[in-house]
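Reminder, nothing fancy here: chain letters follow the sequence lines and each chain counts from 1.
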2 protein chains.
Amino acid sequence: MSKDNVITQLSQVFRQYGYEGTSLSKISEATGLGRASLYHYFPKGKQEMAATVLDHIYSALEKDLLTPLQGDGKPADRIRAMCQTVREFYNSGRSSCFLDILSIGDAQTLFQSPIRRTLNAWLNTLTQVLSEAGLDPESARHQAENAIIQIQGALVLSRCLGNTDPFERVIENLPETLGMGSGE
Amino acid sequence: MSKDNVITQLSQVFRQYGYEGTSLSKISEATGLGRASLYHYFPKGKQEMAATVLDHIYSALEKDLLTPLQGDGKPADRIRAMCQTVREFYNSGRSSCFLDILSIGDAQTLFQSPIRRTLNAWLNTLTQVLSEAGLDPESARHQAENAIIQIQGALVLSRCLGNTDPFERVIENLPETLGMGSGE
DNA sequence: GTCTATAGTATGATAGAC
DNA sequence: GTCTATCATACTATAGAC
């Protein structure tokens with residue numbers, strides 16, 4: 001069992017149950033490893049597991065979202081590509097966001113710096129793209145925030161209702177919401 | 001110590017720590033009651049405590065939000081009143097939403113029906129008001145969803161960033177986002 | 001109505017065999 | 001690298017005194 005494989009399984013448990021709701025027993029069951037075996041990969045225990053997950057999230061964000069967003073296509077095309085990646089990442093609205101989940105309770109204090117780092121990276125990159133598309137700095141920043149607000153809100157609504165329609169609709173309409181319906 | 005008083009304290013703990021992150025010790029500390037004393041008010045224990053909180057949320061929503069929304073003023077005025085109530089309820093973005101928090105992990109299964117009941121009541125009432133304002137049924141429903149999506153998303157963003165600005169901005173702009181800037 | 005005491009279980013973590 | 005066995009602690013919940 002490779003560490004990357006373990007982290008992937010780990011992530012799904014944390015994202016579903018949250019930090020305090022995730023027990024080593026649940027992780028043990030999900031990975032097939034005994035509770036004690038997990039300490040081979042994560043000597044500092046549960047806290048290190050969640051921190052590692054957040055680290056992987058940041059890397060994935062950078063690789064699959066931020067780098068493409070900084071590409072050289074039309075801004076509108078890059079935004080559309082982002083929407084597709086976002087849809088896949090959140091499993092069409094069936095999976096929650098780690099940043100939402102891991103910003104609750106004691107986890108908020110424990111992981112606020114990686115959470116803010118990740119969120120700010122996304123916000124800043126989006127702001128830059130929207131600036132390139134012609135928005136003034138303040139509007140660009142606000143629209144970047146609006147995009148993430150809509151994604152997060154749609155995830156919450158879809159989770160509460162047990163229905164992916166709100167998420168799908170938000171993702172579908174996000175490009176034109178940001179003022180890039182078809183052209184640049 | 002009245003039961004209503006206990007419920008108020010309870011709510012703050014659940015909303016901050018989530019269902020699994022809330023221990024009877026934390027509740028005991030917040031209320032000043034011994035762990036065992038809590039069973040006098042809630043014989044079925046922790047699960048009944050959270051269920052009671054959700055029940056209170058529903059009542060508060062109905063009384064402070066839905067009834068005013070169904071009043072006889074202009075739709076735009078009623079929406080603006082809702083925004084002010086929402087701002088107070090979420091403590092200007094410093095407090096999380098119970099529906100977000102209690103839809104995670106095992107709590108999702110335990111409380112999905114009161115959560116959906118509450119959310120649908122809000123959505124349906126908002127849809128009705130937006131219909132009165134002249135929107136066709138489909139648009140009214142979508143705009144109602146959009147309002148709640150923006151509120152929930154802004155709460156998540158503000159919580160993650162430790163900054164109430166996004167929430168404040170969303171609430172400020174919500175009326176015009178819904179197409180009722182100043183007039184009808 | 002609130003308490004002390006405690007039962008029974010689950011938790012995160014460690015030691016050490018293989 | 002994975003395991004069994006175990007520790008110390010925290011948890012939810014209950015019994016019963018006052």
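- Sorted by residue number, the members of residues 19-29 of chain B with any non-hydrogen atom under 4.0 Å from DNA chain D read Thr22(B), Ser23(B), Leu24(B), Ser25(B).
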N/O donor to acceptor pairs below 3.5 angstrom from side-chain atoms of residues 59-72 of chain A, sequence neighbours left out:
unit_1: Ser59(A); atom_1: OG; unit_2: Asp55(A); atom_2: O; d: 3.2
unit_1: Thr67(A); atom_1: OG1; unit_2: Glu62(A); atom_2: O; d: 2.8

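- For residues 32-54 of chain B, there are no side-chain hydrogen bond (donor to acceptor under 3.5 Å, both in side chains) pairs, not counting sequence neighbours.
- For Asp106(B), the salt bridge (charged side-chain N to carboxylate O under 4.0 Å, His left out) test picks out Lys26(A), with sequence neighbours left out.
- Each salt bridge (Lys or Arg N to Asp or Glu O under 4.0 Å) pair with one or both residues in residues 146-158 of chain B, not counting sequence neighbours, would appear here, but there are none.
- Using a 4.0 Å cutoff to heavy atoms of chain A, the contacted part of DNA chain D runs 5' to 3' from dG1(D) to dT4(D).
- DNA chain D lies under 4.0 Å from at least one heavy atom of each of the following residues of residues 38-56 of chain A: His40(A), Tyr41(A).
- Judged as a ring-ring contact (aromatic ring centres under 6.0 Å, His included), not a single pair has a partner in residues 112-152 of chain A (not counting sequence neighbours).
- Among residue pairs with one or both ends in residues 99-118 of chain A, those qualifying as ring-ring contact (aromatic ring centres under 6.0 Å, His included) are Tyr19(A)-Phe111(A); sequence neighbours excluded.
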Distance-only donor-acceptor hits, side chain of residues 172-181 of chain B, under 3.5 Å, sequence neighbours excluded:
unit_1: Asn173(B); atom_1: ND2; unit_2: Arg169(B); atom_2: O; d: 3.3
unit_1: Thr177(B); atom_1: OG1; unit_2: Asn173(B); atom_2: O; d: 2.8

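- Summarising the local packing, CD of Glu88(B) is surrounded by more than 12 heavy atoms from other residues, nucleotides or ligands at distances under 6.0 Å.
- Every residue two or more places apart in sequence or in another chain was checked for a salt bridge (charged side-chain N to carboxylate O under 4.0 Å, His left out) with Arg15(B), and none qualifies.
- In this structure Gln112(B) satisfies the side chain to side chain donor-acceptor pair (under 3.5 Å) test together with Arg116(B), sequence neighbours excluded.
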